[in-house]
Amino acid sequence: MTLKYFSATIFVLIAISSQPLVSQNSKPPIIDNKVAFFKPKNNNLQSLARHITSHLQTDEAKARAIYNWIVKNISYDHELRFSQKLQKQIYVSEDRVISHVLSRKKALCGGYAFLYKALCSEIAIKVEVIHGFSKKPGKELSDRIDHTWNAVYYNGKWQLLDITYARGNRKNMHHWFNCDPKFFIKTHYPEHTKWSLLAQTPSKDQAFL
């Protein structure tokens, strides 16, 4: 990701993490708390990813375990959201963002998405970082990109997830992994419509009715 893109989309990384809805998903999975709350001795991405997923066999289980670990261990960074000084120090590159997320144990939406992609990449799971628009109760719709989330590839197809929303409502964190695209589009509208994962993507106005 270029520095120009970072400066042009700074607003993406300081989006609010409020929880608007609960996605329609199946029963919550069993979470291995020993792994979910693992505290790494250093910030090495490869060793962290391997530790989180070492007991698992499938890409789906590994992708979910990394999601669980981030939700459980990385808080929402309210200080960063309101500090231009910190933003100028951190929003230099994607690697810099990830490094600060791990050292501070805090993130904004972009930090969550970049860290998830980085950890999954260490174990050869494909992930995309998706920028777009979000809809929150009581908030006016923005005409600028204001949120970031992920798509992860396993079982032969892409799946949608949002770690920021999961962190905002940890009791229902499982709802924001492997979200039904027909539900997800009601609160998340991607910058590039192919990431709606729908055969026909409605307009933003139609999706956000």
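Taking CD1 of Ile130 as the start and CG of Asn150 as the end, the distance is 7.0 Å to the nearest 0.5 Å. If you take CG on Leu198 and CG on Asp180, they are separated by 8.5 Å, rounding to the nearest 0.5 Å. Note that CH2 of Trp158 is 5.5 Å distant from NZ of Lys126, once rounded to the nearest 0.5 Å. Taking CZ of Phe177 as the reference point, atom CD1 of Ile66 lies at 9.5 Å (rounded to 0.5 Å). Rounded to the nearest 0.5 angstrom, Gln87 CD and His100 NE2 are separated by 12.5 Å. Annotation: the span from Asn155 atom CG to Glu60 atom CD amounts to 5.0 Å, rounded to 0.5 Å.
The backbone N or O of Trp69 sits nowhere less than 3.5 Å from a side-chain atom of Lys72 that would complete a donor-acceptor pair. Panel note: side chain Asp146, backbone Ser134; a donor-acceptor pair is recorded below 3.5 Å. Within the 3.5 Å criterion, the main-chain N or O of Val129 finds no donor-acceptor partner in the side chain of Tyr116. Checked by atom type and distance alone, the side chain of Thr193 never pairs as donor or acceptor with a backbone atom of Thr201 at under 3.5 Å. Of the possible donor and acceptor atoms, one in the side chain of Tyr112 sits under 3.5 Å from a partner among the backbone N and O of Tyr76. Judged by distance alone, the side chain of Lys204 and the main-chain N or O of Asp143 form no donor-acceptor pair under 3.5 Å. No donor-acceptor distance shorter than 3.5 angstrom exists from the side chain of Arg167 to the backbone of Cys109, with no hydrogens or angles considered. Judged purely by atom type and a 3.5 angstrom limit, Tyr165 has no side-chain atom pairing as donor or acceptor with the backbone of Trp149. Within the 3.5 Å criterion, the main-chain N or O of Ser47 finds a donor-acceptor partner in the side chain of Asn44. Of the possible donor and acceptor atoms, none in the side chain of Thr53 sits under 3.5 Å from a partner among the backbone N and O of Leu56.
For the pair Met173 and Asn68, the minimum side-chain heavy-atom distance is below 4.5 Å. Using a 4.5 Å heavy-atom cutoff, the side chains of His175 and Phe183 are not in contact. Looking only at side-chain heavy atoms (C-beta outward), Ile70 and Leu119 come within less than 4.5 Å of each other. A heavy-atom distance below 4.5 Å is not found between the side chains of Asp59 and Ile123. Residues Ile125 and Tyr153 have side chains not in contact (no heavy-atom distance under 4.5 Å, counting atoms from C-beta outward). By the 4.5 Å heavy-atom criterion applied to side chains, Asn73 and Lys105 are not counted as neighbours.
Shortest non-hydrogen contact noted between Ser196 and Ile185 is CB-CD1, 3.9 Å. Nearest heavy atom pair, residue Val101 against residue Gly111, reads CG2-CA, 3.8 Å. Nearest heavy atom pair, residue Arg96 against residue Ile90, reads CG-O, 3.2 Å. Pro181 and Leu160 make their closest contact through CA-CD1, 4.0 Å (heavy atoms, listed as atom of the first residue, atom of the second, distance). For Lys186 against Lys135, the heavy-atom pair with the smallest separation is O-CD, 3.7 Å. Minimum interatomic distance between Tyr67 and Ala166 (heavy atoms only, all atoms of both residues): OH-CB, 3.1 Å.
Below 30°, between 30° and 60°, or above 60°: for His131 and Phe114 the angle between ring planes is above 60°, a perpendicular geometry.
Remark: Arg104 engages Asp77, Glu79 in a salt bridge (charged side-chain N to carboxylate O under 4.0 Å, His left out) (not counting sequence neighbours).
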Query raised in the report: When you look at Trp176 and Asn169, which way does the side chain to side chain contact (heavy atoms under 4.5 Å, CB included) test go after all the steps?
Result: CA-CA 10 Å; Trp176 292 104; Asn169 188 347; 5.7 Å; no
Requested in this report: Quick one: do Tyr91 and Val97 satisfy side chain to side chain contact (heavy atoms under 4.5 Å, CB included)? Show the steps, please.
Outcome: CA-CA 6 Å; Tyr91 295 136; Val97 172; 3.7 Å; yes
